[in-house]
Novice: 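The structure under discussion is supplied below as structure tokens; questions concerning it will follow.
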Amino acid sequence: MQTYDLIVVGKGNAALCAALSARDQGASVAVLEAASEDESGGNSRFAGGVMRFAYESVDDLKRVTEVTDEEIATSDFGTNTREEYFDDLYRLTSYRTDADLSEILVTQSLDTMSWLRSKGVRFVLNYGRQSGLVDGKRKFFGRMPIEVSGGGAGLVQYLDQAAGKAGVDVFYDTRATSLVYDGVKVQGVRVQQKGAPAEFRAKAVILACGGFEANPEWRTRYLGPGWELAKVRGSRFNQGDGLKMALEIGAAPYGNWSGCHATGWDRYAPEFGDVNVGDQFQKHSYIFGLLINSSGKRFVDEGWDFHSFTYAKYGGEVLKQPGQFAWQVFDSKVTKLLRSEYRIKFVTKVSANSIEELAPKLEGVDADQFIKTVRDYNAAVRDDVKFDHTVKDGKSAAGIEPPKSNWAQKLDTPPFDAYMTTCGITFTFGGLRIDRETGQVFDVHLKPIPGLYCAGEMVGGLFYFNYPSGTGLVSGAVFGKLAGTGAGRAVKA
Ligand SMILES: Cc1cc2nc3c(=O)[nH]c(=O)nc-3n(C[C@H](O)[C@H](O)[C@H](O)COP(=O)(O)OP(=O)(O)OC[C@H]3O[C@@H](n4cnc5c(N)ncnc54)[C@H](O)[C@@H]3O)c2cc1C
């Protein structure tokens with residue numbers, strides 16, 4: 001049996017932020033990771049690395065990364081004011097996001113980014129994914145001008161180095177299975193360590209071991225029938241263990257337990273994420289084309305908003321379609337706008353020089369109906385509005401069902417490319433109820449459970465139905481730091 005002041009379960013972004021901030025309070029910390037070192041890092045390691053935080057000016061951005069005078073002179077960074085961040089969170093979650101949690105997330109996001117930088121995390125301007133040249137000026141859109149260098153894998157590496165320097169002990173192949181709880185206080189965890197049972201004792205435990213996205217049985221149970229058929233975009237280790245352990249001792253479930261973040265993902269991608277491919281099985285440029293189901297019909301408004309505000313929801317819409325797939329169809333006018341993920345080696349793609357020639361190539365699709373859908377859509381496109389991919393341009397296709405609200409251009413310029421996608425689940429929204437000051441977990445009667453904290457995907461109440469991109473890593477850092485500081489103070493008091 002090993003003894004520490006504090007045990008952190010998991011070794012993704014939230015766990016490492018919790019471990020670092022607990023060390024800042026002087027606590028001795030053990031990090032227990034179910035995966036081997038090779039496979040460690042959780043979903044955080046698969047993340048693209050964009051991070052959404054509140055900023056009002058270039059001076060705020062400079063707290064996070066270097067911005068040169070030339071970049072300032074030639075760029076429009078936009079803003080993501082606290083009000084804008086709140087608006088996005090509230091409107092996307094149908095006004096259900098927990099007021100306290102969203103306030104912590106939004107108001108602490110910039111300070112937390114700056115804290116990550118102080119721990120050695122390197123950030124860069126997000127030129128690749130959310131920017132374009134407008135009248136000679138670089139315009140950043142979608143309110144997310146900064147990403148972590150090296151993506152999620154880079155983030156985990158930087159935090160890992162910081163944890164090593166700070167003297168955090170990491171145990172791999174160590175899967176927590178239950179909490180040591182005497183009915184009053186959590187005093188440690190039982191684990192399976194390299195195939196044998198063992199126990200770690202501590203004054204407090206922080207659970208930061210993800211949701212239940214990789215567990216098909218739990219997905220079916222909570223998200224509903226069909227969800228066992230989704231592909232898993234990231235780690236295969238997030239099986240809901242932390243949630244199960246906490247619920248077993250009476251922790252309060254909270255948030256959107258039947259909801260999750262899920263996106264369009266290559267139809268023939270492997271069952272779980274592949275670290276060598278990272279997030280590149282995703283296909284996020286559908287806003288410039290059409291999404292077609294097996295009946296040859298459209299089923300969502302592809303241009304409702306920037307992909308940042310629809311992609312996390314549309315994976316679930318794809319899952320609802322017969323056969324759980326959708327083709328994304330583009331013409332050559334937008335080829336240059338398609339994100340890098342459309343040009344990877346492993347991609348399910350067909351091409352043709354006319355819509356009639358493309359139709360029979362779309363595996364599983366009613367070809368005649370598809371041709372009709374494109375004709376009806378082309379006829380509905382507004383010719384009087386100019387296409388502009390850097391703003392919601394209002395160039396719509398109206399009078400068809402569903403409409404396309406922005407970026408609607410006729411599919412008329414060969415060659416035509418189509419990409420087959422299915423649903424890839426990212427993470428589940430249901431979690432535990434925590435104290436806003438400390439990250440301590442509440443029991444079902446809303447009393448804090450002594451010695452138990454949680455962070456990251458395990459925090460319930462923030463996301464319902466949908467999610468603004470780049471929020472997972474920031475909320476992991478904000479609530480990881482909160483729990484690490486709260487638990488660290490408590491064990492050193
Ligand atoms: C493909 C992809 C792309 C993404 N892109 C972005 C992005 O660009 N920006 C963004 O903000 N978010 C992104 N996300 C979401 C983001 O990665 C997650 O929301 C965030 O990383 C979750 O962090 P976490 O620390 O809570 O969980 P994780 O990083 O998943 O960490 C959980 C850890 O717990 C471990 N674990 C699980 N069970 C046990 C157990 N029983 N015992 C011990 N350890 C256990 C796991 O091995 C893992 O190390 C992306 C996710 C994916 C999958």
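Each ligand, and each atom within it, is numbered from 1 in the order the structure gives. Just the heavy atoms: all of them, side chains too, but no hydrogens, waters or symmetry mates, feed the values below. None of these values were measured; they are calculated from a predicted model.
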Novice: If you have a sec, work out which protein heavy atom is nearest atom 18 (C) of ligand 1 and how many Å separate them, to one decimal?
Specialist: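 Among all protein heavy atoms, the one nearest atom 18 (C) of ligand 1 is Glu457 OE2, 3.5 Å.
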
Novice: Within the 4.0 Å heavy-atom shell around Gly472, which atoms of ligand 1 are there?
Specialist: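 Near Gly472, the atoms of ligand 1 are 11 (O), 19 (O).
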
Novice: How far is atom 48 (C) of ligand 1 from its nearest protein heavy atom, and which residue and atom name does that atom have?
Specialist: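 Nearest protein contact, heavy atoms only, for atom 48 (C) of ligand 1 is Gly42 CA, 3.4 Å.
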
Novice: Quick test of your reading of the structure: of Thr426, Asn43, Leu207, whose heavy atom lies closest to atom 17 (O) of ligand 1?
Specialist: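 The nearest heavy atom belongs to Asn43.
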
Novice: Between ligand 1 and Gly152, can you find any atom pair, the residue atom being a heavy atom, that is separated by under 4.0 Å?
Specialist: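 Checking ligand 1 against Gly152, which is what was asked, there is no heavy-atom contact under 4.0 Å.
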
Novice: Which of the listed options, Ser44, Ala34, Ala15, Pro468, holds the heavy atom that is closest to atom 20 (C) of ligand 1?
Specialist: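 Among Ser44, Ala34, Ala15, Pro468, the closest heavy atom to atom 20 (C) of ligand 1 belongs to Ser44.
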
Novice: Would you mind checking which non-hydrogen protein atom is closest to atom 49 (O) of ligand 1, with the distance to 0.1 Å?
Specialist: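 Residue, atom and distance for the closest contact: Glu33 OE2, 2.6 Å.
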
Novice: Taking non-hydrogen atoms only, is Val50 closer than 4.0 angstrom to ligand 1 via side chain, backbone, both or neither?
Specialist: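 The answer is both.
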
Novice: Quick one: does Leu473 get an N or O within less than 3.5 Å of an N or O on ligand 1?
Specialist: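 Yes, at least one N or O pair falls under 3.5 Å.
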
Novice: Using a strict 4.0 Å cut-off to heavy atoms of Gly48, name the atoms of ligand 1 that fall inside it.
Specialist: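 So the atoms of ligand 1 that pass are 3 (C), 4 (C), 5 (N), 6 (C), 7 (C), 8 (O).
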
Novice: Which atoms of ligand 1 are found less than 4.0 Å from any heavy atom of Val9?
Specialist: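 This gives 42 (N), 43 (C) as the contact atoms.
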
Novice: Apply the test side chain to side chain donor-acceptor pair (under 3.5 Å) to residues Arg201 and Gln2: give CA-CA distance (whole Å), side-chain angles for both, the deciding distance (0.1 Å), then the verdict.
Specialist: CA-CA 6 Å; Arg201 289 287 178 132; Gln2 310 225 34; over 6 Å; no

Novice: Which atoms of ligand 1 are found less than 4.0 Å from any heavy atom of Leu32?
Specialist: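 Once the distances to Leu32 are compared, the set is 43 (C), 44 (N).
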
Novice: When you compare the side chains of Tyr286 and Thr310, does any donor N or O come within less than 3.5 Å of an acceptor on the partner?
Specialist: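 Note: Tyr286 and Thr310 side chains meet the donor-acceptor criterion.
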
Novice: Which residue holds the protein heavy atom closest to atom 42 (N) of ligand 1, what is that atom called, and what is the gap in Å?
Specialist: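 Residue, atom and distance for the closest contact: Ala176 N, 3.0 Å.
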
Novice: Under 3.5 Å, is there a donor on one side chain and an acceptor on the other for Arg267 and Thr421?
Specialist: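 There is no such pair between these side chains.
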
Novice: Does the ring centre of Tyr467 sit less than 6.0 Å away from the ring centre of Phe427?
Specialist: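 Yes, the ring centres sit under 6.0 Å apart.
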
Novice: Give the residue, atom name and distance (to 0.1 Å) of the protein heavy atom nearest atom 8 (O) of ligand 1.
Specialist: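 In this structure, atom 8 (O) of ligand 1 has Gly49 N, 2.9 Å as its nearest protein heavy atom.
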
Novice: Parallel, tilted or perpendicular: which one describes the rings of Phe140 and Phe77, with boundaries at 30° and 60°?
Specialist: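 Parallel: the ring planes of Phe140 and Phe77 meet at under 30°.
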
Novice: Starting from atom 36 (N) of ligand 1, what is the nearest protein heavy atom, named by residue and atom, and what distance separates them?
Specialist: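 For atom 36 (N) of ligand 1, the nearest protein heavy atom comes out as Cys209 CB, 3.5 Å.
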
Novice: What about Tyr314 and His307, are their ring centers closer than 6.0 Å?
Specialist: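 Distance test on ring centres: not under 6.0 Å, no.
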
Novice: Counting each atom of ligand 1 from 1 as listed, which ones have a heavy atom of Tyr467 under 4.0 Å away?
Specialist: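 Taking each heavy atom of Tyr467 in turn, ligand 1 has 10 (C), 11 (O), 12 (N) under 4.0 Å.
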
Novice: Assess the side chains of Thr174 and Gln193: does a donor N or O sit below 3.5 Å from an acceptor N or O?
Specialist: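 Note: Thr174 and Gln193 side chains meet the donor-acceptor criterion.
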
Novice: Looking only at side-chain N and O atoms, does Asp266 offer a donor or acceptor that is under 3.5 Å from a partner on Thr348?
Specialist: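 Checked: Thr348/Asp266 side chains pair up, N/O donor to acceptor below 3.5 Å.
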
Novice: Is any N or O atom of Trp265, backbone or side chain, closer than 3.5 Å to an N or O atom of ligand 1?
Specialist: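 No, no N or O pair falls under 3.5 Å.
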
Novice: So that I know where these two stand, are Phe281 and Phe346 an aromatic pair - ring centroids less than 6.0 Å apart?
Specialist: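 That pair passes the under 6.0 Å test.
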
Novice: Kindly state whether the ring of Phe330 and the ring of Phe288 have centres lying under 6.0 angstrom apart.
Specialist: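 No.
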
Novice: Under a 3.5 Å threshold, yes or no: a donor from one side chain and an acceptor from the other, between Gln280 and Ser340?
Specialist: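 Yes, Ser340 and Gln280 have a side-chain donor paired with an acceptor closer than 3.5 Å.
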
Novice: So is Met51 touching ligand 1 or not, going by heavy atoms under 4.0 Å?
Specialist: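 Not so, Met51 does not reach ligand 1.
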
Novice: Between Asp241 and ligand 1, is there a nitrogen or oxygen pair with a distance under 3.5 Å?
Specialist: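 Right, the criterion is met.
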
Novice: Run down the list Gly211, Ala47, Ala18, Ala477 and name the one with the heavy atom closest to atom 3 (C) of ligand 1.
Specialist: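 Closest candidate by heavy-atom distance is Ala47.
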
Novice: Do Phe53 and Tyr55 have ring centroids that are under 6.0 Å from one another?
Specialist: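 Yes, ring centres under 6.0 Å apart.
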
Novice: Between Phe141 and His389, what is the ring plane arrangement, given parallel below 30°, perpendicular above 60°, and tilted in between?
Specialist: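 Geometry flag for His389 against Phe141: perpendicular rings.
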
Novice: Answer with yes or no whether the side chains of Gln130 and Ser308 bring together a donor and an acceptor at under 3.5 Å.
Specialist: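 On atom types as modelled, these side chains qualify, holding a pair under 3.5 Å.
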
Novice: Indicate whether any N or O donor in one side chain lies under 3.5 Å from an N or O acceptor in the other, for Lys203 and Tyr4.
Specialist: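 Short answer, no.
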
Novice: For Phe442 together with Tyr254, are the ring centres under 6.0 Å from each other?
Specialist: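 Centroid distance Tyr254-Phe442: not below 6.0 Å, so no.
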
Novice: Which residue supplies the protein heavy atom nearest to atom 25 (O) of ligand 1, what is that atom called, and how far is it?
Specialist: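 Answer for atom 25 (O) of ligand 1: Ala14 N, 3.0 Å.
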
Novice: Taking only heavy atoms of Thr174 into account, list the atoms of ligand 1 that are under 4.0 Å away from them.
Specialist: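 With Thr174 as reference, the close atoms of ligand 1 come out as 42 (N), 43 (C).
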
Novice: Counting each atom of ligand 1 from 1 as listed, which ones have a heavy atom of Gly456 under 4.0 Å away?
Specialist: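 Reading through ligand 1 atom by atom, the close ones are 26 (O).
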
Novice: What protein heavy atom lies closest to atom 38 (N) of ligand 1? Include the residue and the distance to one decimal.
Specialist: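 Among all protein heavy atoms, the one nearest atom 38 (N) of ligand 1 is Phe237 O, 3.4 Å.
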
Novice: Quick one: does ligand 1 sit under 4.0 Å from the side chain of Val191, the backbone, both or neither, non-hydrogen atoms only?
Specialist: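 Within the 4.0 Å criterion, Val191 makes no contact with ligand 1.
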
Novice: For ligand 1 and Lys11, I'd like to know whether there is a polar contact (N/O to N/O, distance under 3.5 Å).
Specialist: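 It does: an N or O of Lys11 is found under 3.5 Å from an N or O of ligand 1.
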
Novice: Could you tell me whether Gln282 and ligand 1 have an N or O pair separated by under 3.5 Å?
Specialist: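 No: no nitrogen or oxygen of Gln282 is under 3.5 Å from one in ligand 1.
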
Novice: Please could you name the atoms of ligand 1 that Asp279 approaches to less than 4.0 Å, counting only its heavy atoms?
Specialist: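 Counting atoms of ligand 1 from 1, those under 4.0 Å from Asp279 are 1 (C), 3 (C).
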
Novice: Can you confirm whether or not the ring centre of Phe212 sits under 6.0 Å from the ring centre of Trp257?
Specialist: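 Yes, ring centres under 6.0 Å apart.
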
Novice: Nearest non-hydrogen atom to atom 32 (C) of ligand 1 belongs to which of Ser40, Gly10, Ala208, Ser178?
Specialist: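 Minimum heavy-atom distance to atom 32 (C) of ligand 1 goes to Ala208.
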
Novice: Does any N or O atom in Val474 lie less than 3.5 angstrom from one in ligand 1, N or O only?
Specialist: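 Between Val474 and ligand 1 (N or O atoms, distance only) the closest approach is not under 3.5 Å.
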
Novice: I'd like to know if the side chain of Thr438 pairs up with that of Asp435 as donor and acceptor (distance under 3.5 Å, no hydrogens or angles considered).
Specialist: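 Their side chains do contain a donor-acceptor pair, which is all the 3.5 Å distance test asks for.
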
Novice: For Gly476, state whether at least one heavy atom is located under 4.0 Å from any atom of ligand 1.
Specialist: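 It does not, in that no heavy atom of Gly476 comes within the 4.0 Å cut-off of ligand 1.
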
